[in-house]
*Asks:* 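Structure incoming, see below.
Both ligands and their constituent atoms are indexed starting at 1 by order of listing.
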Amino acid sequence: MEVFKFGGASVKDAAGIINVANIILNRSKTQLLVVVSAMGKITNQLEDLTKAYLQGDPAVEEIFKAVKNYHFNVLNDLFPDHQASIYDDIANTFVEIDWLLEEEPDDAPDYIYDQIVSIGEIVSSKILAAYLAKQHAHVKWLDARSFVHTDNTYREGLVNWEKTEAEIKKTLVPLLEQNIAVTQGFIGSTSENFTTTLGRDGSDYSAAIFSACLDAKSLTIWKDVPGVLNADPKWFDETERIPQLSYHDAIELAYYGATVIHPKTIKPIQNKNIPLFVRSFLQPGAEGTNITGLNNHLPVPSFIFKVNQALISIFPKDFSFIIEENLSDIFSLFHKHKVKINTMLNSAISFSVSFDHDPVKLQALITDLSLHYKVKYNTGLELVTIRYYNQQTIDRVTVNKNILLEVKSRNTCQIVMRDKVPATT
Ligand code: ASP
Ligand code: MG
């Protein structure tokens, strides 16, 4: 029993769906569950739709029309016979959102968000399942909301593992004996059967949930890169694929911002010791990266870049020391404003923190902190994290940079920096 996860880029158009179907049909004959994301950038468009609806913006109609057209264009390419039942099936799914959009947006915004945004995955999975059926596969479309049970934290549903595992074992396991099952990433449901989502880019996490509950033999995440690389090709000319990675290193890389795998993905499969393969849907025969419980050390230093960082330094107003009481007060304000810390360093009289710069959150945080502390801040910074660093790698990334903060542990170095301003004459 294996699990395959396909992200939005792999199913962005008809050619993508055909390619994914070929990967599925050409696998060695094992039982298979397929977890799929919304097509291309549809989730972003559905987020725009939700925003427009909440603001009473007449653009609602136009945005939704674009979403529908996008999918119907793909259907036209895949199913020349317009009598095919998939046309009605997709149209009916959209009608449910039409109904919702006709009402005034009286419910909580996060609840509304989940009801709208989740349809991206519903329609992509229906299209993929219908195309596989057209290729004579024994395929069953399954609604992930019947399996993935969450609390009612909309937009960030917290998984009820016990209920989820029980439902998957009871209903899904027998189904997989005869069928390839196609289901959605990213979505779940509350105990009252309302749709929740698991946070942006949450489909990897969904795939990990299913894999863990099914005790899968492996999970394969199919990406548009040849595996996990030691740096993002966007920032580095020479990148290397890492053939073998330990769960531990994978968690560290994901945590520090390597976007190849969602950070929540590793833990559930590590607990069950399920290997995770990251492979390219563009070169399905190529090797990729195997993430396992092996205790191997990354073969090369790895670099993770984040731009648009803010750095704030906090000082007690009375020049007392930064003590535990102050720290607990400071952390609770970060928590209150939902600011996720990327780096931190404390000294006797100051505490410095870097995080992704969101102007609204930054202002609110500074306002609160300023009641008790003196605050200094910088924005427009870069953060580089080097896993398995040495002086050479640090020198390489800090050429022409001013370093504002440097934090080192045994295996990881983090540097907050900005471009050196050329001296004016
Ligand atoms: N479609 C969702 C998103 O784009 C989930 C995912 O792709 O993982 O955030
Ligand atoms: Mg996506």
Side-chain angles (χ1 to χ4, degrees), residues 3-13 16-17 19-20 33-51 63-64 66-68 70-71 74 90 93-94 97 109-129 141-145 147-148 150 153-159 182-189 195-212 219-225 228 250 254-255 257-269 276-281 340 356:
V3 178
F4 281 2
K5 182 263 172 177
F6 293 97
S10 67
V11 290
K12 69 177 195 304
D13 51 22
I17 300 265
N19 178 51
V20 163
L33 173 74
V34 177
V35 175
V36 67
S37 301
M39 299 174 68
K41 301 272 179 237
I42 286 294
T43 306
N44 294 351
Q45 278 176 266
L46 292 168
E47 276 192 348
D48 292 345
L49 174 64
T50 308
K51 215 166 159 192
I63 301 171
F64 196 29
V67 169
K68 289 180 189 171
Y70 186 105
H71 291 90
V74 174
I90 298 301
T93 308
F94 287 138
I97 300 303
D110 288 351
Y111 166 85
I112 292 175
Y113 175 102
D114 282 359
Q115 311 317 303
I116 295 177
V117 170
S118 54
I119 64 152
E121 269 68 14
I122 299 289
V123 290
S124 67
S125 59
K126 285 191 168 179
I127 295 173
L128 177 61
W141 177 85
L142 296 173
D143 191 328
R145 294 170 294 189
F147 300 105
V148 179
T150 70
T153 315
Y154 294 99
R155 294 190 69 164
E156 197 83 46
L158 193 70
V159 174
V182 175
T183 195
Q184 308 79 42
F186 187 49
I187 68 174
S189 75
T195 304
T196 49
T197 62
L198 306 179
R200 281 306 304 266
D201 300 321
S203 292
D204 288 358
Y205 181 46
S206 300
I209 297 168
F210 279 106
S211 303
L219 163 60
T220 306
I221 296 186
W222 296 90
K223 307 271 310 177
D224 57 0
V225 287
V228 178
Y255 171 79
T259 50
V260 64
I261 320 161
H262 189 276
K264 279 168 143 180
T265 312
I266 310 290
K267 205 68 201 151
I269 57 161
L276 168 59
F277 305 135
V278 180
R279 295 174 60 186
S280 164
F281 61 79
K340 290 192 178 145
D356 297 349

*Asks:* Can you tell which part of H262 has a heavy atom less than 4.0 Å from ligand 1: side chain, backbone, both or neither?
*Replies:* neither

*Asks:* On a heavy-atom basis, I'd like to know which of A38, G185, S203, G40 is closest to atom 6 (C) of ligand 1.
*Replies:* S203

*Asks:* Output a table of donor-acceptor pairs, distance under 3.5 Å, between side-chain atoms of residues 258-269 and any protein atom two or more places apart or on a different chain; print 'none' if there are none.
*Replies:*
from	atom 1	to	atom 2	distance (Å)
H262	ND1	K264	N	3.2
T265	OG1	H262	O	2.6
K267	NZ	Q270	OE1	3.2

*Asks:* Please determine whether a side-chain nitrogen of the Lys or Arg among K5 and D204 lies less than 4.0 Å from a carboxylate oxygen of the Asp or Glu.
*Replies:* yes

*Asks:* With atoms numbered from 1 as shown, which atoms in ligand 1 lie under 4.0 angstrom from a non-hydrogen atom of R200?
*Replies:* 3 (C), 4 (O), 9 (O)

*Asks:* Quick check: does D204 get an N/O under 3.5 Å from an N/O on ligand 1?
*Replies:* no

*Asks:* Show which atoms of ligand 1 fall inside a sub-4.0 Å distance from at least one heavy-atom site of S37.
*Replies:* 6 (C), 7 (O), 8 (O)

*Asks:* Taking the side chain as everything from C-beta on, heavy atoms only, tell me whether V117 gets closer than 4.5 Å to R155.
*Replies:* no

*Asks:* Which of the atoms in ligand 1, numbered in the order shown and given with their element, are less than 4.0 Å from a heavy-atom of E121?
*Replies:* 1 (N), 2 (C), 5 (C)

*Asks:* Please state whether K41 comes within less than 4.0 angstrom of ligand 1, counting heavy atoms only.
*Replies:* no

*Asks:* Ligand 1 versus D201, non-hydrogen atoms closer than 4.0 Å: side chain, backbone, both, neither?
*Replies:* both

*Asks:* Checking T153 now: which residues fulfil side chain to side chain contact (heavy atoms under 4.5 Å, CB included) with it, not counting sequence neighbours?
*Replies:* D151, E156

*Asks:* Could you tell me whether the side chain of V20 reaches within less than 4.5 Å of the side chain of W222, counting heavy atoms only?
*Replies:* no

*Asks:* side-chain hydrogen bond (donor to acceptor under 3.5 Å, both in side chains) with R145: which of T150, T195, T183?
*Replies:* T195

*Asks:* Any side-chain heavy-atom pair from F186 and S37 closer than 4.5 angstrom?
*Replies:* no

*Asks:* Contact between G120 and ligand 1, counting heavy atoms under 4.0 Å?
*Replies:* no

